[in-house]
Amino acid sequence: MESKYDVIVVGAGHAGCEAAAAAANLGCKTLLITMDMSRTAQMSCNPAMGGVAKGQIVREIDALGGYSGIVSDKSAVQFRMLNRSKGPAMWSPRTQNDRYLFNYEWRIQLENIPNLHFWQDMVTELIIEGEKVTGVKTSLGVSFSSSQVVLTSGTFMNGLIHIGEKNFGGGRAAEKASYGITEQLVSIGFESGRMKTGTPPRVDGRSLDYSKMEEQFGDENPDKFSFSALSNNLQKQLSCHITYTNPTVHNMLREGFDRSPMFNGTIESIGPRYCPSIEDKINRFSERNRHQIFVEPEGWDTIEVYVNGFSTSLPEDVQVRAIREIEGFENARIFRPGYAIEYDYFPPTQLSHSLETKLIKGLFFAGQINGTTGYEEAAAQGLMAGINAARNVQEKEAVVLSRDEAYIGVLIDDLITKGTEEPYRMFTSRAEYRILLRQDNADERLTPIGYDIGLASEKRLRRLDKKRLDKESIKAFLRKKSADPAEANEFLVSMNSSPLKQKVKLESVLSRPQISYSDLEELSTEFNKWNKENEIDPLTKESVEIEEKYSGYIAKERENAEKLRRLESLRIPSDFNYKEVVALSSESMEKLNKIRPVTIGQASRVSGVTPADISVLLVKLGR
């Protein structure tokens, strides 16, 4: 049995899979250790990928050369682009997935990577010599050596599952928790904490009355996540359904509050603010008489249904009685009850931007161990940790994405600069430059980076080159050709757009809010002919339309991003002594000393640090 590796990844959830794939694809001999190989990339909660801001992250992972987008496409049962009624910065792709197919497709992708090896076991100890990690030990007494270890423990470290007044150790339902590593890291000097998450009951779809629910279809012309040709658009889709709770449901749930671990003090840790349990929702929003429930199929060939919006840790009998009061669920048969789970995490301020820990060289944390929630956030961290672990092996500089380059950059910077005391979830509102970080241009932003580091293939770069050439070709035509009032006005008036008084360039017409790219075919015969002669991908056309309509906003955000970039270029010496800067407030001095920001830009984002403090630092640094 081989025992020496370049990179060891602990845990095969979304973070672990992306980390292992990245490290191995970058040429490192990589070992992925997991307690159950049959649960690789398990969708522990809802069978879906993407959503608001999360969909942008999946596309960014794909653009860099990761696998989440490809696997999501191959296992999708429905595709929807969310927030189409809002501006393009808010458009967010989302797939409903076949839970079992998702697991299978990830396994296929991993097993086809030559440098990637597997071992099924529980890691109980990190081997640390001085301030460096040198390997891991497992419950079977096996030791593996490596200079780089990526720890992606998910909800397993000292995991404790709660159902009503019952609680028992576990990382997921029917899976045991892992023990030993938290205690070891705390003894070294790491700070740890506890967080909580939960999941709803699963039900038998044959027992539901869908005629009482609102059917939710996928997009008429479904897109996909991956920019590559390695996956295809869906040809058929499954519907989801929507129903609602009601006052009777709420009253029944309240009757179980005295046996709820959330309210009787059994659970003390903090759960996700933006994905609360049903009991938390009816307690916090007592003025509301109903809450939305999304009824989501678990896959193509299963009758199991996920009850999204009904996450709970109430006793089983309360869950069953209450759920049967929901319209369409009157005869619901429960496959398994919902539960809450508490687990250990490590405040991410203990990491550098590469996701390497500050205390131990070669040790990386990724995923829920850093206090995040969601498959997409975990996968993004895993990808970057895997990349940077491999680059450590190869003695190359870490890859760090800035806040104006990617949502992944925003995610990691938020975590290590601000920390989190509750499960962190990505939203578009967290990004200052979201009009730059759209889902349609993730490949343009990140594929060149992925190619340069050796992760994105040359085929991907060539596809990107073609997209750029096609975009420039379209824009050149729009700048050159004009719309004629005699030909265009009738159509413009029918679209509630002002008629032309003279010939106007097509790019100006496209900038009108009422006019889409396809509308240009109706108001310009010349454009119609050119467009048909040049077969251009619909996504490329959409990207052009967005850039033409929002060119002013895009230019302004680029200008603001450049100003921030100047602050990011002002580095703070690693041995800088904040205690010597007497003009700093005591709060700022304490937080800066703890976070140890690398640049003035990062220092400006530390909670509690004021603009006046930044001015003081600039003076101290001779700026």
Side-chain angles (χ1 to χ4, degrees), residues 5-26 28-45 47-50 54 57-76 95 97-121 123 148-156 171-172 175 178 225-226 230-231 355 364-370 372-390 408 450 455-456:
Y5 291 88
D6 295 322
V7 177
I8 293 174
V9 178
V10 181
H14 298 259
C17 288
E18 287 287 5
N25 282 326
L26 288 174
C28 290
K29 184 180 173 186
T30 304
L31 178 66
L32 177 58
I33 305 178
T34 177
M35 292 194 291
D36 186 351
M37 286 179 62
S38 69
R39 301 295 185 99
T40 300
Q42 178 79 357
M43 288 184 139
S44 309
C45 203
M49 287 291 283
K54 293 167 175 280
I57 287 177
V58 176
R59 284 213 155 150
E60 290 177 352
I61 292 169
D62 180 76
L64 284 165
Y67 286 91
S68 289
I70 295 167
V71 171
S72 297
D73 291 340
K74 286 177 174 286
S75 61
T95 54
N97 293 85
D98 184 312
R99 183 188 300 278
Y100 311 102
L101 192 54
F102 187 91
N103 163 267
Y104 169 80
E105 290 292 349
W106 249 119
R107 184 86 178 256
I108 292 296
Q109 298 294 333
L110 293 174
E111 291 181 2
N112 277 288
I113 301 174
N115 277 335
L116 185 54
H117 301 223
F118 304 89
W119 182 254
Q120 181 170 292
D121 201 349
V123 172
Q148 312 294 318
V149 174
V150 182
L151 194 54
T152 69
S153 54
T155 60
F156 281 78
R172 274 192 298 251
E175 295 183 66
S178 66
F225 275 118
S226 183
L230 298 172
S231 63
L355 297 180
F364 293 77
F365 292 167
Q368 284 178 283
I369 190 174
N370 289 335
T372 60
T373 180
Y375 309 144
E376 303 82 2
E377 291 89 342
Q381 294 169 70
L383 176 70
M384 299 311 296
I387 289 171
N388 288 323
I408 296 173
L455 204 56

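- At distances below 3.5 Å, at least one donor-acceptor pair connects side-chain atoms of N115 with backbone N or O atoms of A24.
- We find the CG-CD1 distance between L383 and I61 to be 6.0 Å, quoted to the nearest 0.5 Å.
- Across T152 and G11, no two heavy atoms sit closer than the pair OG1-O, 3.1 Å.
- Contact record, A385 with V150: CB-CG1, 3.9 Å, taken as the closest heavy-atom pair.
- Counting heavy atoms from C-beta on, the side chains of V10 and V149 come closer than 4.5 Å.
- T40 and C17 get closest at one heavy-atom pair: CG2-SG, 3.5 Å.
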Determine whether T34 and Q120 satisfy the following criterion, side chain to side chain donor-acceptor pair (under 3.5 Å), listing intermediate values before the conclusion. CA-CA 5 Å; T34 177; Q120 181 170 292; over 6 Å; no
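- Annotation: ring-ring contact (aromatic ring centres under 6.0 Å, His included) contacts of F225 (sequence neighbours excluded): none.
- The shortest distance between side-chain heavy atoms of N388 and L355 does not fall below 4.5 Å.
- Residues T95 and N97 bring a donor and an acceptor atom of their side chains to less than 3.5 Å of each other.
- Q148 places no side-chain N or O within donor-acceptor distance of the main-chain N or O of A390, the cut-off being under 3.5 Å.
- Annotation: the span from Y5 atom OH to T30 atom OG1 amounts to 9.5 Å, rounded to 0.5 Å.
- Neither side chain, S153 nor Q368, offers a donor N or O lying under 3.5 Å from an acceptor on the other.
- The two residues T155 and G171 come nearest to each other via the heavy atoms OG1-O, 2.6 Å.
- The OG atom of S231 sits 10.0 Å away from the CD atom of E105 when rounded to the nearest 0.5 Å.
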Just do the side-chain contact (heavy atoms from CB on, under 4.5 Å) check on L116 and F118 with the steps written out, would you? CA-CA 7 Å; L116 185 54; F118 304 89; 3.9 Å; yes
Decide side-chain contact (heavy atoms from CB on, under 4.5 Å) for I369 and L151; before the verdict, give the C-alpha distance in whole Å, the side-chain angles of both, and the deciding distance to 0.1 Å. CA-CA 8 Å; I369 190 174; L151 194 54; 3.7 Å; yes
Using the side-chain contact (heavy atoms from CB on, under 4.5 Å) rule, take L31 and I33 through it: C-alpha gap first, then chi angles, then the decisive distance, then the call. CA-CA 6 Å; L31 178 66; I33 305 178; 3.7 Å; yes
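- In this structure, the side chain of N103 engages the main chain of S38 through a donor-acceptor pair within 3.5 Å.
- Residues Y100 and S75 are not in side-chain contact: their nearest non-hydrogen atoms beyond the backbone lie 4.5 Å or more apart.
- Residues meeting the ring-ring contact (aromatic ring centres under 6.0 Å, His included) test with Y375, sequence neighbours left out: H14.
- Contact record, G69 with V58: CA-CG1, 3.7 Å, taken as the closest heavy-atom pair.
- Note that OH of Y67 is 8.5 Å distant from CG of N112, once rounded to the nearest 0.5 Å.
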Take L101 and K74, measure what side-chain contact (heavy atoms from CB on, under 4.5 Å) needs, and give me the verdict at the end. CA-CA 8 Å; L101 192 54; K74 286 177 174 286; over 6 Å; no
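- Counting only N and O atoms by type, the side chains of S226 and D62 include a donor and acceptor under 3.5 Å apart.
- E376 contributes a side-chain N or O that, together with a main-chain N or O of G50, makes up a donor-acceptor pair within less than 3.5 Å.
- Of the inter-residue distances, the one linking E18 atom CD with L64 atom CG reads 9.5 Å to the nearest 0.5 angstrom.
- A distance-only check finds no donor-acceptor pair linking the side chain of S72 to the backbone of M49 [under 3.5 Å].
- Closest approach of G16 to V9, counting heavy atoms only: O-CG1, 3.5 Å.
- N370 places no side-chain N or O within donor-acceptor distance of the main-chain N or O of T372, the cut-off being under 3.5 Å.
- A side-chain donor from one of S44 and R172 sits under 3.5 Å from a side-chain acceptor of the other.
- Counting only heavy atoms from C-beta outward, the side chains of M37 and W119 never approach each other to under 4.5 Å.
- Under a cut-off of 6.0 angstrom, the local environment of OH in Y104 is sparse, with at most 12 non-hydrogen atoms contributed by other residues, nucleotides or ligands.
- Of the listed residues (E377, M384, Q381), just one forms a side-chain contact (heavy atoms from CB on, under 4.5 Å) with I408, and that residue is M384.
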